[in-house]
Amino acid sequence: MHLFNIRLGHACNSSSTHSIVILPNPDERKDIAPDGWSGDTSYNWENFRLFNKEAKLGYLAYLLNNDAAGMLTREEVDQLLEIVGMNGVEIAENVDHQSVWPMPKNFRGQGYNFDFLKELAAFFAREDVGIYGGHDNLYDEANPHKSREEMRADLFDGNPGSQMLFRGGERVRRDTDGKDTWWTLYSPGTGNKVRMTFENPLADAPGIDPKSSQRPELVDMKITGYCPFAKDCGWCYMDSNTEGQHARLYDITGMLDALAEESVFEVALGGGETTMHPDFIQILRHGHENGITMNFTTKNFAHFTSKKYAPWRAEVAKCTGAIAFSVNNRKDFERFKKMMEAEPFGEINHWDDNTSAPQITMQCIPAVCPTALFEEMLEYCTENWVRLTLLGFKRVGRGKEYTEPGNLRWMKTVEKFTNGEPYRLNNLLAVDTVMAADCKAEFDKLGVDPVWYHLDEGAFSCYIDATTMRLGASSFTDDSQMVQLEKYADDRRQEILDAYGQMQSKLTLS
Ligand code: SF4
């Protein structure tokens, strides 16, 4: 198995820690029964190792049966096991609750993806694949588990990338670049996303290395050019102001339908000030009801603090994955902190409404943010577990005229802040593609694995300006490279796919 890319999304106790491992050396593949084992198939806290094929498949069958509980009868689970090539497998008696994963399902959570489960079962059945069990409270000197380096490849252990592969990957779709295929796993709850294949797990090269996909995983959609905060942002690359136009609801909903048909996981609404679109809630609801994770950017703190907007916030909470607040100056930062203290989604009745509060994140353009304030923001984010996305400065729109000190200046501040302890940031810092491209040389010097970032706009995502009905690689794509969409299209889904392909044909991918 190879992971090609990890994106920690709109973003973990003391208990069992089971890991799926690959052992290259056949002499080391020995089954070790759980301590005090009495012959049953309960895999809990005790140290154990499974290489026996029936036992491993029994473990996997437990995960499947556990996931299907309440949805499928035991007979139906047996039918499912047969479909995915696990006929007659005896379901293990127990897997500790801290080590069970949700089994990925198709878009909207509708049904298992049988092809994925077949490949997963075949992977578990491999001789070199084993299941290591234990817990994080006690080191067993008699049966020490091997280190990640010794095992050559760790899969589902405690590191953030592998842990989230299944624990957060509740949705799965097969993707292709026209030549190769791979799996993309996505978690609506966390926004985490992983591209992977079960092929060639121990080869030095995976055999395939996807650089783009034939349909987007994510679409940035501009729904308005209107923004009442223009006076704060002399650099606004979208050139937004109070003259900006709103996109038609008809166009937006039509495109959301088309994107849902293609299992596009997320749509990030942008502007302008998104919340000022007259049909904002209807747009969120439409995307959400079609299975898309709807996110948006805003600077409209008033809507998140005022009592008057409590019903509005309740609607936002039902339909939104994550909200990014633009914070670039002292005034915005103070408003953000006040808003967080007031708990904007505190009114939600999680039990009655089955609604979880949207993730609240900050986004900042370090090039325009004073260094001392940026340092304070880092402190605040780590103390309060708030994710901070750093946006590269874009020299388009009003950004053309603006003199900025460069995109690299934040790195020194982060270096000083972490002071040799990178984990101080708790995976809370993210960068956009512009920032990643500008910082690539520095990332290489620091040994940052490229699996953690993206350099190419348009490779797995696209931008749609719904106010002018144009599609491009990103929100800062040159006008001449944008592909015009029809005002009224017979087949919006196909039109978007064609425009996406046309846009990608002009890209030079890194
Ligand atoms: S940067 Fe954002 S908040 Fe500022 S003018 Fe542009 S759209 Fe409005």
Side-chain angles (χ1 to χ4, degrees), residues 10 219-247 252 267-280 283-284 294-306 309 316 320 322-339 344 358 360-370 373-374 377 387-405 407 410 430-435 457 463-468 470 472 474-479 482:
H10 55 252
V219 171
D220 278 320
M221 189 183 286
K222 175 176 174 173
I223 57 169
T224 183
Y226 176 87
C227 185
F229 309 117
K231 63 176 183 336
D232 286 351
C233 322
W235 62 84
C236 178
Y237 78 97
M238 297 301 285
D239 243 342
S240 303
N241 54 39
T242 50
E243 307 289 308
Q245 300 297 302
H246 301 303
I252 299 170
V267 168
L269 301 178
E273 176 48 57
T274 52
T275 60
M276 290 287 146
H277 191 288
D279 305 307
F280 182 64
I283 295 167
L284 284 182
M294 300 296 288
N295 310 318
F296 64 91
T297 310
T298 183
K299 206 171 121 109
N300 187 0
F301 294 99
H303 276 40
F304 295 86
T305 45
S306 151
Y309 283 94
V316 167
T320 308
I323 307 169
F325 287 85
S326 301
V327 178
N328 293 299
N329 56 44
R330 168 71 53 196
K331 192 172 77 182
D332 289 346
F333 187 43
E334 295 306 326
R335 283 178 172 169
F336 183 88
K337 288 193 289 187
K338 251 189 169 162
M339 174 194 76
I360 292 182
T361 70
M362 267 206 268
Q363 62 179 37
C364 165
I365 308 169
V368 303
C369 182
L373 176 63
F374 183 58
M377 286 164 64
R387 198 170 169 80
L388 175 61
T389 304
L390 307 181
L391 307 178
F393 191 89
K394 285 125 192 150
R395 294 199 166 282
V396 289
R398 297 205 285 274
K400 261 193 243 166
E401 318 299 329
Y402 198 81
T403 311
E404 45 80 27
N407 278 337
W410 64 275
V431 292
D432 71 355
T433 48
V434 171
M435 190 63 95
E457 290 283 353
Y463 167 70
I464 295 177
D465 180 346
T467 68
T468 58
R470 295 179 311 160
S474 73
S475 54
F476 46 93
T477 294
D478 190 78
D479 273 356
M482 297 289 287

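Everything quoted here is computed from the prediction, not taken from an experiment. Both counts, for ligands and for their atoms, begin at 1 and track the order of listing.
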Counting C-beta onward and ignoring hydrogens, is there a side-chain heavy-atom pair between H246 and I223 closer than 4.5 Å? no

Are E334 and R330 within salt-bridge range, i.e. N to O under 4.0 Å? yes

Would you say the side chains of N300 and T275 form a donor-acceptor pair under 3.5 Å? yes

Should you measure from each heavy atom of S240, which atoms of ligand 1 turn up under 4.0 Å away? 7 (S)

Heavy-atom contacts with G272 under 4.0 Å: which atoms of ligand 1 show up? List them by number with element. 7 (S)

Protein contact to atom 4 (Fe) of ligand 1 [nearest heavy atom, distance to 0.1 Å]: C233 SG, 2.3 Å

Is atom 4 (Fe) of ligand 1 less than 2.8 Å from an N/O/S atom of C227, whether that atom is in the backbone or a side chain? no

Tell me whether H277 contacts the main-chain N or O of A247 through its side chain, where contact means a donor paired with an acceptor under 3.5 Å. yes

Counting from 1 in the order shown, the ligand 1 atoms closer than 4.0 Å to a non-hydrogen atom of R398 are 5 (S)

Pair Q245-T467, side-chain donor/acceptor within less than 3.5 Å: no

Using 30° and 60° as the class limits, which term best fits the ring planes of F296 and F280: parallel, tilted or perpendicular? perpendicular

Nearest non-hydrogen contact to atom 6 (Fe) of ligand 1 from the set S326, C236, P228 belongs to C236

Among all protein heavy atoms, pick out the one at the shortest distance from atom 3 (S) of ligand 1; state its residue, atom name and that distance to 0.1 Å. K299 CD, 3.5 Å

